[in-house]
2 protein chains.
Amino acid sequence: MPKAKEEDFLPLRDSVYNKLRQSILTGEFPAGERLMEVHLGDKLGVSRTPIREAIRMLELEGLVTMIPRKGAMVAQITEKNMSDVLEVRRALDILCVQLACERITSEGISDLKKARDAFEKAVETNDSRVIAQADVEFHNVIISATGNDRLISLEDSLSLPMYRYRYEYIKDSSGHDNLVKEHRRIVNAIEKRNAEIAAEAAGEHIDNQRRSIIRQIRMDREEETMNALYGKRK
Amino acid sequence: MPKAKEEDFLPLRDSVYNKLRQSILTGEFPAGERLMEVHLGDKLGVSRTPIREAIRMLELEGLVTMIPRKGAMVAQITEKNMSDVLEVRRALDILCVQLACERITSEGISDLKKARDAFEKAVETNDSRVIAQADVEFHNVIISATGNDRLISLEDSLSLPMYRYRYEYIKDSSGHDNLVKEHRRIVNAIEKRNAEIAAEAAGEHIDNQRRSIIRQIRMDREEETMNALYGKRK
DNA sequence: CCGTGGTATTATGTATACAATCATGATATT
DNA sequence: AATATCATGATTGTATACATAATACCACGG
């Protein structure tokens with residue numbers, strides 16, 4: 001008898017939530033797009049109720065903006081907004097590696113090394129999607145090693161807004177050599193349980209990310225301005 | 001003509017959310033209490049729909065726990081749980097004062113001093129509720145000075161779980177002299193824009209809070225154990 | 001041609017109805 | 001007496017219906 005029976009029940013709101021989130025992060029729903037309940041309901045084959053609940057969840061995560069009596073729309077990514085998120089993430093990423101230095105098990109260190117190697121292999125493929133995925137995995141190992149559930153879920157939700165820029169960030173990083181070097185430095189520091197070096201490395205790591213993402217946002221905005229001035233293709 | 005007309009519309013879900021949150025934080029709904037939709041709806045005079053949406057929001061903030069097909073209950077506060085939150089808050093509080101050192105305006109400094117003085121006056125009243133309120137105000141000034149909206153909302157939601165212990169924490173702090181001293185130290189550091197000292201002071205400030213809250217949780221748990229062994233009054 | 005007002009449409013806010021599942025308890029059987 | 005099974009009630013999950021506010025469009029007047 002399959003014992004997984006009660007656990008695998010997924011309320012519609014959750015699958016709707018996942019679907020909407022995916023659509024936003026991949027850019028299928030661009031920033032500013034209105035999210036209309038009946039429309040989404042028809043598209044996904046469910047009623048308005050689960051849609052509403054999913055939208056409430058996305059709102060709490062900052063992926064959608066709600067205006068009472070007007071509805072929900074995909075949140076705009078502004079430079080200020082992203083800068084705020086990155087500022088917080090910098091502090092939390094540093095906390096992650098510091099805690100990891102204290103608490104990581106030998107098994108965790110082995111996982112970390114595996115993730116590092118997997119990332120370096122991914123870099124060789126030169127496929128942004130593969131690299132991005134390996135990068136996420138690498139960070140997840142560190143975050144899990146902290147054993148702090150609240151920190152884990154926070155990191156998760158703070159990463160979301162940036163996924164919209166992750167591919168460009170990966171592509172942008174000239175040569176990826178820096179990324180590999182930074183990862184190696186972090187792994188070494190954690191293995192030696194040297195929190196100070198680890199914190200420094202993690203800080204630089206996200207500072208680089210920040211520069212790349214901010215540049216990307218400015219390019220996007222410039223493009224939008226051009227479109228507004230000279231008419232956008234449609 | 002009163003211009004505040006469109007803004008003051010509050011959907012029921014929000015007022016329900018506020019009401020439930022208040023009930024949880026003040027202990028009216030103790031940890032473990034089941035939150036049943038029809039029951040709450042009757043009590044508050046609304047239908048299930050706004051109740052459900054409010055509960056979803058509370059879940060995202062970690063104040064209630066949901067089990068599919070079984071319903072929602074007020075989240076248990078475990079020592080691990082609170083420890084995780086405090087660990088994160090420590091990092092974010094330090095980030096707050098560091099950013100405040102960089103960015104606070106002269107007006108902000110003046111507000112900060114006012115809040116400090118108000119807190120010291122509140123201490124003299126010896127009324128825990130007044131002191132707790134002044135303490136919150138003091139921290140809010142610092143948090144606002146960072147100008148980081150994401151940080152502001154995160155600090156807000158991470159403070160929530162601790163409000164259930166705030167009064168005891170205030171009462172517990174022997175003499176409150178420490179609190180006054182710590183606040184003064186933080187204000188001085190921010191005024192001189194000395195991020196290092198400010199960070200150190202903020203760290204100690206929350207470490208003290210941590211000790212007090214953990215002690216409180218252990219006392220609560222002990223009491224519960226006694227009740228379970230010898231029968232609880234009802 | 002522009003502005004104002006009114007109406008119609010659309011989308012959200014809220015309530016209620018229906019379906020599915022879980023818990024509880026009673027009854028019957030071993 | 002203990003356990004198993006079925007029935008009943010209660011509670012959540014989902015869908016739909018109704019009310020209300022916002023928007024868009026058109027007509028009318030200046």
Seminar exercise, completed: Quick tally for nucleotides 10-19 of chain C: nucleotides whose base has a protein heavy atom under 4.0 Å get B, sugar-phosphate-only ones S, the rest -, giving -SBBBBBB--
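Ion pairing of A/Lys43 with A/Glu28 is present here, as a side-chain N (NZ or NE/NH1/NH2) and a carboxylate O approach within less than 4.0 Å. Taking a cutoff of 4.0 Å between a charged side-chain nitrogen and a carboxylate oxygen, B/Asp207 and B/Arg211 do not qualify as a salt bridge. Using a cut-off of 4.0 Å between Lys/Arg side-chain N and Asp/Glu carboxylate O, A/Arg150 and B/Glu87 are scored as not salt-bridged.
When each of B/His139, B/Arg210, B/Arg90 is checked for a side-chain hydrogen bond (donor to acceptor under 3.5 Å, both in side chains) with B/His205, only B/His139 meets the rule.
Within the 4.5 Å cutoff, the side chain of A/Val64 has no heavy atoms near those of the A/Met73 side chain.
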